[in-house]
K.L.:
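Quick one: the structure is below, questions incoming.
What you see is a predicted model; the values in this text were computed from it and never measured. Numbering of ligands and ligand atoms starts at 1, following listing order.
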Amino acid sequence: MKKLMAANWKMYKLREEAKLTAEGLVKAVKDSLPQDREVLILPPFTALRSVRKAIKKAPGFALGGQNFFPSMQGAFTGEIAPDMLLDMGCTYALAGHSERRHIMGEADEFVGQKVTFGLERGLSMILCVGETIDERKEGRLEEVVRRQMDTGLAGVPADVAPERLTVAYEPVWAIGTGLTAGPKEIVEAHGLVRSILQDKFGAKALEMRLQYGGSVKPENASEILSLDNVDGVLVGGSSLSAESFSRIVTA
Ligand code: 13P
């Protein structure tokens, strides 16, 4: 199973900067990308084309969308369909990122519709889950992650190809704050995610990837990647520069 090293650029970068960053990243890792790593770039929609061009000939690189609306097409002003992402060369998409849950108010059910529909249309899906600081303090980690996964994965067919479903554990309190979950906290949460997947998908759950996200940096990436049940990282801030993300990718 290849580790999935994902760059979530959020709402950053105009086309030219996106192109230069992607080119810089390809150049920096082309001779050093370990065989067991896959690099995924999730740019803003307007930069998909530039990044696609930059990574076109780079083995081990993939393109993804940060979001979509779970419908084929229709009168959904401002939205984008999975087929439009596929048409741009995307093979992956995110659902349930905490910024969409907490800023845009997306509910678990809506996130679940995206996971199901994205898979149906042919995208590989990354379901993001994670607790807020208050939920953690109240001892509700398990309850929250279980609820987000139960609802988020409710429509996923039992025969889903395991490499097409990834769960990213991103504790909300560690996103963009400089605070990283410690090894013990990551191992505990990822063990929980794996066991929920096993309850739902049986042995196949062992072939699904679990990513950690939340203040991953070049300095902590190698330790995080060595932990049990960590099969990749989902990186925000430190993925914006080719220099720092290339160090994470090869950590
Ligand atoms: P940071 O790496 O900036 O904490 O963001 C994490 C994240 O939200 C990735 O999706």
K.L.:
With the criterion set at N/O pairs under 3.5 Å, what does the list of contacts between the protein and ligand 1 look like, atom names and distances included?
P.N.:
unit_1: ligand 1; atom_1: 2 (O); unit_2: Gly236; atom_2: N; d: 2.9
unit_1: ligand 1; atom_1: 3 (O); unit_2: Gly237; atom_2: N; d: 2.8
unit_1: ligand 1; atom_1: 4 (O); unit_2: Gly176; atom_2: N; d: 2.6
unit_1: ligand 1; atom_1: 4 (O); unit_2: Ser215; atom_2: N; d: 2.8
unit_1: ligand 1; atom_1: 5 (O); unit_2: Lys10; atom_2: NZ; d: 3.2
unit_1: ligand 1; atom_1: 8 (O); unit_2: Lys10; atom_2: NZ; d: 2.9
unit_1: ligand 1; atom_1: 8 (O); unit_2: His97; atom_2: NE2; d: 2.8
unit_1: ligand 1; atom_1: 10 (O); unit_2: Asn8; atom_2: ND2; d: 3.0
unit_1: ligand 1; atom_1: 10 (O); unit_2: His97; atom_2: NE2; d: 2.9
unit_1: ligand 1; atom_1: 10 (O); unit_2: Glu170; atom_2: OE1; d: 3.3
unit_1: ligand 1; atom_1: 10 (O); unit_2: Glu170; atom_2: OE2; d: 3.0

K.L.:
Quick one: which residue pairs count as a side-chain hydrogen bond (donor to acceptor under 3.5 Å, both in side chains) with a foot in residues 26-39, not counting sequence neighbours?
P.N.:
Glu38-Tyr92, Glu38-Arg209
K.L.:
Has the side chain of Thr151 got a donor or acceptor atom that lies under 3.5 Å from a matching backbone atom of Glu109?
P.N.:
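Such a contact is absent between Thr151 side chain and Glu109 backbone.
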K.L.:
List for me each residue that meets ring pair (Phe, Tyr, Trp, His ring centres under 6.0 Å) alongside Phe61, sequence neighbours excluded, and say none if there are none.
P.N.:
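Once residues adjacent in sequence are excluded, Phe61 has no partner under the ring pair (Phe, Tyr, Trp, His ring centres under 6.0 Å) criterion.
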K.L.:
Transitive ILVMFWY cluster of Met104 at side-chain heavy atoms under 4.5 Å: who else is in it?
P.N.:
Ile103
K.L.:
Between Glu106 and His97, is the side chain to side chain donor-acceptor pair (under 3.5 Å) condition met? List the steps.
P.N.:
CA-CA 9 Å; Glu106 292 190 3; His97 192 279; over 6 Å; no
K.L.:
Should Val193 and Phe201 be regarded as members of a common hydrophobic cluster, given that ILVMFWY residues are connected when their side-chain heavy atoms come within less than 4.5 Å of each other, either directly or indirectly?
P.N.:
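They do share one cluster, since a chain of ILVMFWY contacts under 4.5 Å joins Val193 to Phe201.
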